[in-house]
Each structure stands twice: as C-alpha cells, then as structure tokens.
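To keep things clear, I will list the structure first and then write my remarks on it.
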Amino acid sequence: MRIQSEFVEGFGTLAELGPAVSVFGSARTRPDSPHYRAGVEVGRRLAEAGFGVITGGGPGAMEAVNRGAAEAGGVSVGLGIELPYESNFNEYVNLGIYFRYFFVRKVMFLKYASGVVALPGGVGTMDELFEAVTLVQTGKLTAVPIVMYGVDFWAGVRNWMGATMVSEGYVRPEDLELVHATDDVEEIVELMCAAHPSVVAASRGAGGSR
Ligand SMILES: C/C(=C\CNc1ncnc2c1ncn2[C@@H]1O[C@H](COP(=O)(O)O)[C@@H](O)[C@H]1O)CO
C-alpha cells in the first residue's frame, strides 16, 4: 500500500538523521529578495551550529535554506511532494525523499525536528507552522522551539491571535508563548542551541564555530 510504504521509507531514511530543524517558507520567494538571503543565513548558521535542516525541497525559501546548509557542509534534507505539475528537488538537497501524500510528509517534518522555523510564506507555510503549534499545544510533540522569522511579516497573525483568539477564550495566553518571533538569525540559533545543549557540545567537539 502506497501510504504505508511512504511511512516506512520516511522513518527508515530519517531515523539516523541526527539533530535537525524543520524550516518552512514560501515556494515563491525570489532569489534576489531579503527573505531568500535570510533563508540562506538560517540554513548556514544552523549547519554551523551542528543542526541539519529539513525543508520541502522545492524552490524559493526552501532552496535558500537548503543552500545555506549545504554550502556550509551540513545535512540538507528535502521532503519533496508530488504535485500535478513537474517538481524537482532544488540543487542544494543532499538527502531527499519524495512523497505523494502531504499528510505523511507532515509527519516526517515534525517527528524528526529539534525545532521549527517559519520564514515568510503563504498557506502552505501557515499550515505547516500551525501543525507544529497544535501538536506542541496538545502535548503530541515534545516542546521544541517554534520561531516565526520576520516580525513585521507575522505581526498581523500574532496580533490577531492575541486580540481575538485569546480574548474570545479560544487560545490560552500562555500558548502564545509557544511561538517566538524575531528578525535575528542568531536568536534562532541561540534558541535551538539552548533547547539542545548536547548539539552545541558535539559541534564544539567536532571543531564547529560555536
Ligand atoms: C508553487 C511553486 C512550487 C511548488 N513546489 C513545492 N515544492 C515543495 N514543497 C512545497 C511546494 N509548494 C509548497 N510547498 C510546501 O508548502 C510550504 C510553502 O507553501 P507556500 O504556500 O508557498 O507558503 C513549504 O514549506 C513546502 O513544504 C512555484 O514554483
């Protein structure tokens, strides 16, 4: 059965991955944009700190993050998705798996994530980000840092959650603290390192930059 084989292949391939951060973001981010440059920096700094990256393996922000990680010598995972039109891994993926089913792929994004970062994006990015928030909020996923990169970009969502969801009683105020927002790539790396001190120690032992 195709669904079962996708789970088996995903678990089998990723089980030995080591610490990695799942990074989501728009397929449409242009290579000449500040958000693409930020994605490259996120990938590069996470790799230097000892974390692999996991993206959707596609273009835009996914490519940027894979590029930064691969160029820094890190593990650069792409979880590709079969789409009605042709889609390939971006050239910076060095460990790739293809999925037909979004829901199987989403399990893989989070089961192997030591943290989650959302770069600016559209509905796909929102879906992946809020899946992570929901699983941590409900205790189905061990709490890991979840970061929105781009304070201005995400401000509307964050403000609405506070002003409407919390005040209507649909979200607990403390649940807002599950998600950090920053414009600083170093803060992302610090959050991941603080949550996973063993990665920092191993990275130092291997001659890493931290
Ligand atoms: C639309 C374009 C390419 C689509 N290719 C994708 N390949 C892999 N993963 C994708 C793709 N499109 C969306 N995703 C997933 O959703 C997130 C981005 O969605 P958004 O709506 O663009 O924010 C991303 O994290 C992927 O996991 C253009 O060439």
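If you read the sequence from its start, that first residue is 1, and numbering goes on from there. One-based numbering, in listed order, for ligands and for the atoms of each.
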[X] and [Y] ion-paired at < 4.0 Å:
X    : Y    : value
K106 : E6   : no
D32  : R37  : no
R45  : E186 : yes
E128 : R105 : yes

Heavy atoms from other residues, nucleotides or ligands near CD of Q4 exceed 12 (cutoff 6.0 Å):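 Open: at most 12 neighbouring heavy atoms sit under 6.0 Å from CD of Q4.
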
Exceeds 12 heavy-atom contacts within 6.0 angstrom, atom CZ of R30: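 Atom CZ in R30 is not crowded, with 12 or fewer foreign heavy atoms closer than 6.0 Å.
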
For [X], counting its heavy atoms only, list the atoms of ligand 1 lying under 4.0 Å from any of them.
X    : result
G121 : 23 (O)
F109 : 27 (O)
R28  : 1 (C)
F24  : 25 (O)
S26  : 22 (O), 23 (O)
G25  : 17 (C), 18 (C), 24 (C), 25 (O)
G56  : 8 (C), 9 (N), 27 (O)
Y85  : 1 (C), 4 (C)

Side chain to side chain donor-acceptor pair (under 3.5 Å) between E63 and Y36, intermediate numbers included: CA-CA 8 Å; E63 175 188 293; Y36 187 97; 2.5 Å; yes

Aromatic plane relationship, F89 with Y98 - under 30° parallel, 30 to 60° tilted, over 60° perpendicular: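 It falls in the tilted class, 30° to 60°.
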
Non-hydrogen atom of G57 closer than 4.0 Å to ligand 1: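 No, G57 has no heavy atom closer than 4.0 Å to ligand 1.
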
Any R105 heavy atom less than 4.0 Å from ligand 1: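 R105: in contact with ligand 1 (<4.0 Å).
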
Residue, atom name and distance, where the atom is the protein heavy atom closest to [atom]:
atom                    : value
atom 7 (N) of ligand 1  : G58 CA, 3.8 Å
atom 25 (O) of ligand 1 : E128 OE1, 2.6 Å
atom 29 (O) of ligand 1 : P59 CG, 3.7 Å
atom 19 (O) of ligand 1 : G124 CA, 3.3 Å
atom 12 (N) of ligand 1 : A27 CB, 3.7 Å

Aromatic contact, Y101 with F103 (centres under 6.0 Å):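 Yes: the rings meet the under 6.0 Å criterion.
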
Looking at ligand 1, does any of its N/O atoms fall within less than 3.5 Å of an N/O of [X]?
X    : answer
T125 : yes
M62  : no
I81  : no

G74 to A47 - nearest heavy-atom pair and separation: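 What the structure gives for the nearest pair is CA-CB, 4.0 Å.
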
Option among V117, T125, D127 that satisfies the side-chain contact (heavy atoms from CB on, under 4.5 Å) test with F24: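 Between F24 and the candidates, side-chain contact (heavy atoms from CB on, under 4.5 Å) is satisfied uniquely by T125.
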
From OG1 (T55) to CG (N66), nearest 0.5 Å: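 Reported value, rounded in 0.5 Å steps: 3.5 Å.
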
Side chain, backbone, both or neither: L83 near ligand 1, heavy atoms under 4.0 Å: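 The part of L83 near ligand 1 is the side chain, not the backbone.
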
